[in-house]
Structure formats: structure tokens, C-alpha cells
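These values consider heavy atoms only, across backbone and side chains, with no hydrogens, waters or symmetry-generated copies. Each chain gets a letter, A, B and so on, in the order its sequence line appears, and its residues count up from 1.
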2 protein chains.
Amino acid sequence: MKVSAKGEYGVRAMAILALEFHEGPLPLRVIAERENISLQFLEQIFLPLRRAGLIESVRGAKGGYLLAKSPDQIRVGDILRVLEGPIAPVECVGKGSGKVCDRSDACLTRGIWERLRDSMSEVLNDITLADVINMSAD
Amino acid sequence: MKVSAKGEYGVRAMAILALEFHEGPLPLRVIAERENISLQFLEQIFLPLRRAGLIESVRGAKGGYLLAKSPDQIRVGDILRVLEGPIAPVECVGKGSGKVCDRSDACLTRGIWERLRDSMSEVLNDITLADVINMSAD
DNA sequence: TTAATCCTGATCATTTTACTCGGCTTTATC
DNA sequence: GATAAAGCCGAGTAAAATGATCAGGATTAA
């Protein structure tokens, strides 16, 4: 029941972009050094984030990445959904995953996973990047 | 952010033991057939559950397994903790895992994972096997 | 022109997962 | 006492996921 490194690094990196929201584009190299993450792995993570419209890129020298929206408009859940797929403890209660098991009415445990999913979603949809950088500012 | 098959099967199997709480010991073969799970995989799952004191076994012919406590005394979280380790979205906030990262105060994202962990624990500690079999009885 | 940076598909080693195998021990029943 | 049903348990294994790395191209500021 763990977040993948991809998801964890993604959230960390996005938090840094949020800190630097008013500066120009931030190159991945800086984030990679600061967080001790492989540059090439970070590139892999930023690709889907950009395609999902959470960040924007500036190519060429002096280029880098910046948030596509203000920090209070980006929820941690948004980031994780892009990097890890639907937030759900089991496939069969994943919204938008399409895969529902055939015996959902006979399933004793479905209710558990639905409650867990809702609780997880609620937390992750409630925390924005603005919250993240404020939490640690205290 | 998924529960493993081990965890999922474990909860399903325990729910069935809860349904049969007043009958004698239930052999794994029955659960395996009912839930379409490999018998030998189930055996692997039941071993740690027994060692953790959640179930008791009766050996020999007419043997099987039964809950060690009444269904309302066994929480879904108890089962998952045995089968999957501490309930935590990242290692470094796992209670009892011992591994805390060295820069926990500098970590921007720790607060997220703590909130998520608490919310997950709360749900899973709140649902007992008695709840599970009642949910679907409605 | 050069260097910095993003862009992207491919590949790869390791770990984890979800099982399977084989064989032993215990016990009710015939 | 023989047999069959069941639990006990360490070891092995194939496939998938994970966490990267590689290689090279495209874009742009200086």
C-alpha cells in the first residue's frame, strides 16, 4: 500500500516548483541535485505531468519547468493520479479504470475498499501545493 | 497505491471465517474453492495470520481454521498489518518500521504522507469483520 | 556556434509478486 | 492400524513491476 518512487518524487518536485512559482522556469538539473534524484528519472516523471497540463516547459538554454497553474490550484491527488493512475486500493473500485469485477454484488469486501478509496481521495484532493509549502513554513 | 493480492485474499478469507464463526473449523479447501484462490497460496497467507493470533487452526482430518476472536474484535487493519506491514503510503512514516529518513524536518512532503497514513489507518481500524459481514447483509 | 535544456523511445538490472512444489505432521474415521 | 483429510513450512520460480540508465534528437539563449 505504498506510493511508488515515481509518485513520491513527482510530488516532491512539484512542491519545489511551487516554492519557485514566481521565479522563471526551473531546470530539472536543479531539482535533481536538490532532491538527490537521477536527472533522467526526473525527466521521465515530468513528461506525463506536462502532457496532463500540470506543468509547462521552456525549451533551450535558460529553459526549465514551471507550474501551469498557481499552487493553490494543483492538488496532490492530481499529481498522483497522473503518475500512478486512479487512487484506489484495489483495481475494481478504481474510478475510470473501467475494470469492475464480475461478482461485485457478491463481494463481501468491496465496501471496505470503497470506503478506503474515498478517504484517500478526500485527503489527497484536499491538499494543494499551496498547502504543502505552507505546512512546512510553519 | 494498491493492496497486494495477499492482503486482499487475506481479508476475503477472514470475512468468510467470520460468516462461519459458529460452525466448526473451516478447511482452507472450501475457502479456496469459494473464492477461486490457489489452496497453496492461501496456506501461505494463513500462516502469518495464525502466528499473529488472529486465527486458530485445528489439525488433522475434519480440521481447518477459525477466528481466534469474535468478528467484532478483529479489524481489517489488523489483518492488513500482518500481511503487508505498517499501513503507510511511504516507508518513512510507517509506525514501527523504524526507518525514518534523515531529513525529515527539511522534507516538504512528509506532512502529506502523515495525513494520508492517519486517514487510511482510521478507516481500516474502524471496520471490523462484523461490520464487513453486516455491510453486505443489507 | 556552443552550451544548456527539454524530448523521447529503448533497454536493463533488480526486486517484488503471486504463485507452485515437495514433503512432513497431525488426527478423525473406518 | 491404515487411510485420508487437513494443516505446516521451507524452497523454488516465472512474470511483472520498478527504478532506473542510455542514446540521441530538437530547441533556444548567449
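Put simply, CD on A:E84 is 14 Å from P on D:dA17, counting in whole angstrom units. The interatomic distance linking B:K2 (NZ) with D:dA17 (C1') rounds to 13 Å, in whole Å. Atom pair A:E56:CD and C:dT5:P shows a separation of 19 Å (rounding to whole Å applied). Regarding B:R50, its CZ atom lies at a distance of 11 Å from the P atom of D:dG7, rounded to whole Å. Following rounding to the nearest Å, B:L42 (CG) and D:dG7 (P) show an atom-to-atom distance of 10 Å. Here D:dA26 presents its C1' atom at 20 Å from NZ of A:K62, a figure rounded to the nearest Å. Distance CG (B:L28) to C1' (D:dG7): 8 Å, rounded to an integer number of Å. One interatomic measurement links the two molecules: CD of A:Q44 to C1' of C:dA10, which rounds to 10 Å at whole-angstrom precision.
Distance from the side chain of A:F41 is smallest to D:dA20 among D:dA20, C:dC19, C:dT5. Closest to the A:S38 side chain, of the nucleotides C:dA18, D:dC8, D:dA20, is D:dA20. Side-chain proximity of A:Q40 to the nucleotides D:dC22, D:dC8, D:dT28 is greatest for D:dC22.
At its two ends the helix from C:dT1-D:dA30 to C:dC30-D:dG1 runs along axes set 10° apart, each axis drawn from five pairs and the angle rounded to 10°.
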For residues 119-127 of chain B, dump all side-chain donor-acceptor pairs below 3.5 Å to protein atoms at least two apart in sequence or in another chain.
from   : atom 1 : to     : atom 2 : distance (Å)
B:S119 : OG     : A:S119 : O      : 3.4
B:S119 : OG     : A:S119 : OG     : 2.5
B:S121 : OG     : B:R117 : O      : 3.3
B:N125 : OD1    : B:R81  : NH2    : 2.5
B:N125 : ND2    : B:S121 : O      : 3.3
B:D126 : OD2    : A:R115 : NH2    : 3.1

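Scanning atom types as modelled, no donor and acceptor separated by under 3.5 angstrom connect the side chain of B:R59 and the base of D:dA6. Residue-to-nucleotide contacts include no donor-acceptor pair under 3.5 Å from the side chain of A:E43 to the base of C:dT5.
Closest heavy-atom contact between A:V82 and A:A52: CG2-CB, 3.5 Å.
A 4.5 Å side-chain heavy-atom check between B:L28 and B:Y65 finds at least one atom pair inside the cut-off. Taking 4.5 Å as the limit, some side-chain heavy atom of B:L26 sits within range of a side-chain heavy atom of B:L17.
For B:S4 and C:dT16, the shortest distance from a side-chain N or O to OP1 or OP2 is not below 4.0 Å. A sub-4.0 Å separation between OP1 or OP2 of D:dA6 and a side-chain N or O of B:S57 is absent. Contact annotation: A:R51 reaches the phosphate of C:dT8 (side-chain N/O to OP1 or OP2, under 4.0 Å). For the OP1/OP2 pair of D:dG7 and a distance below 4.0 Å, the side-chain nitrogens and oxygens of B:R29 include no atom meeting the criterion.
Heavy atoms of A:G63 sit under 4.0 angstrom from primed sugar atoms or phosphate atoms, though from no base atom.
A donor-acceptor pair under 3.5 Å is formed between the side chain of B:T128 and the backbone N or O of B:D131. Checked by atom type and distance alone, the side chain of B:T109 never pairs as donor or acceptor with a backbone atom of B:I112 at under 3.5 Å.
When each of A:Y9 and A:A61 is assigned the nucleotide of DNA chain D bearing its nearest heavy atom, the one mapping closer to the 5' terminus is A:Y9. Nearer to the 5' terminus of DNA chain C, by closest-nucleotide assignment, is the contact made by A:Y65 (compared with the other of A:Y65 and B:L39).
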Problem - Test side chain to side chain donor-acceptor pair (under 3.5 Å) applied to A:E84 and A:S4, step by step - result: CA-CA 8 Å; A:E84 314 218 316; A:S4 67; 2.4 Å; yes
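Within the structure, side chain to side chain donor-acceptor pair (under 3.5 Å) contacts touching residues 43-63 of chain A (residues at least two apart or in different chains) do not occur.
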